[in-house]
Amino acid sequence: AFTKNQRDSHRETAYAQHQQVKTIRRKMIEIIQKEIVGCDLKQVVNKLIPDSIAKDIEKYCSYIYPLTDVYIRKVKVVKKPKHDLGRLLDMHGESGSAAVAAAGGEAGQTISRP
């Protein structure tokens with residue numbers, strides 16, 4: 001996010017003070033955690049693509065200091081999700097039996113090396 005000039009300001013530059021920057025970062029983390037906590041990965045991606053979270057950040061942080069060009073550029077998975085093979089295959093459009101049949105037989109066959 002970038003800071004923009006406050007109303008009735010004629011300066012060319014606009015810098016937030018250190019405490020305002022810390023408060024804005026804290027508010028950003030709070031908003032992102034609130035939006036993402038109850039969602040799965042597919043819903044999170046659907047929220048990130050139209051940039052709706054960034055618009056919320058810009059709106060709520062404008063009370064601290066006016067912001068412009070707010071974007072989320074990096075997403076980091078902090079906690080490993082529970083591995084559910086059935087849901088994973090459903091997300092990719094394959095069921096367990098169809099994947100085995102497409103592989104050409106039973107899974108785990110031994111093959112001879114040349």
Side-chain angles (χ1 to χ4, degrees):
F2 293 100
T3 57
K4 66 179 180 181
N5 285 341
Q6 294 178 337
R7 286 182 291 162
D8 303 329
S9 176
H10 300 291
R11 289 183 174 183
E12 288 187 25
T13 58
Y15 298 110
Q17 293 180 346
H18 182 69
Q19 191 62 37
Q20 290 171 325
V21 171
K22 286 172 59 175
T23 308
I24 289 171
R25 283 189 188 135
R26 192 176 318 121
K27 191 68 172 175
M28 284 179 177
I29 292 169
E30 176 185 317
I31 291 169
I32 291 170
Q33 285 178 346
K34 181 183 73 172
E35 290 287 329
I36 291 178
V37 143
C39 301
D40 62 346
L41 185 62
K42 198 176 237 184
Q43 292 172 339
V44 170
V45 171
N46 288 336
K47 285 184 180 182
L48 289 174
I49 290 174
D51 232 10
S52 63
I53 297 176
K55 290 176 186 171
D56 288 343
I57 290 172
E58 186 174 350
K59 182 172 67 172
Y60 288 119
C61 291
S62 67
Y63 298 113
I64 301 165
Y65 201 88
L67 298 177
T68 183
D69 297 335
V70 179
Y71 301 110
I72 297 176
R73 65 176 181 174
K74 185 176 181 181
V75 179
K76 184 177 181 181
V77 177
V78 177
K79 190 175 181 182
K80 182 179 176 183
K82 295 177 183 174
H83 182 69
D84 187 10
L85 187 60
R87 279 188 64 203
L88 180 66
L89 291 175
D90 288 341
M91 285 176 58
H92 292 290
E94 297 178 0
S95 64
S97 61
V100 171
E106 295 183 24
Q109 285 182 327
T110 58
I111 56 171
S112 61
R113 293 188 174 192

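A continuous path of hydrophobic side-chain contacts links Tyr60 to Leu48 [ILVMFWY only; heavy atoms under 4.5 Å]. With hydrophobic clusters built from ILVMFWY side chains whose heavy atoms lie under 4.5 angstrom apart, Ile57 shares a cluster with Ile64.
Taking CD1 of Ile29 as the start and CD1 of Ile24 as the end, the distance is 12.5 Å to the nearest 0.5 Å. With values rounded to the nearest 0.5 angstrom, Ile31 atom CD1 is found 11.5 Å from Ile36 atom CD1. Residue Thr23 holds its OG1 atom at 10.5 Å from CD of Gln17, rounded to the nearest 0.5 Å. The NZ atom of Lys59 sits 5.5 Å away from the CG atom of Asp56 when rounded to the nearest 0.5 Å.
Looking at Lys27, Arg26, Lys34 one by one, the single match for salt bridge (Lys or Arg N to Asp or Glu O under 4.0 Å) with Glu30 turns out to be Lys27.
Taking each heavy atom of Tyr15 and Tyr65 in turn, the nearest pair found is O-OH, 3.4 Å. In plain terms, the two heavy atoms of Lys55 and Pro50 that are nearest each other are NZ-O, 4.2 Å. Between Cys61 and Leu67, the shortest heavy-atom contact is CB-CD1, 3.6 Å. In terms of heavy-atom proximity, Glu58 sits nearest to Thr68 at OE2-CA, 4.1 Å. Heavy-atom minimum distance, Lys47 versus Ile53: CB-CD1, 4.1 Å.
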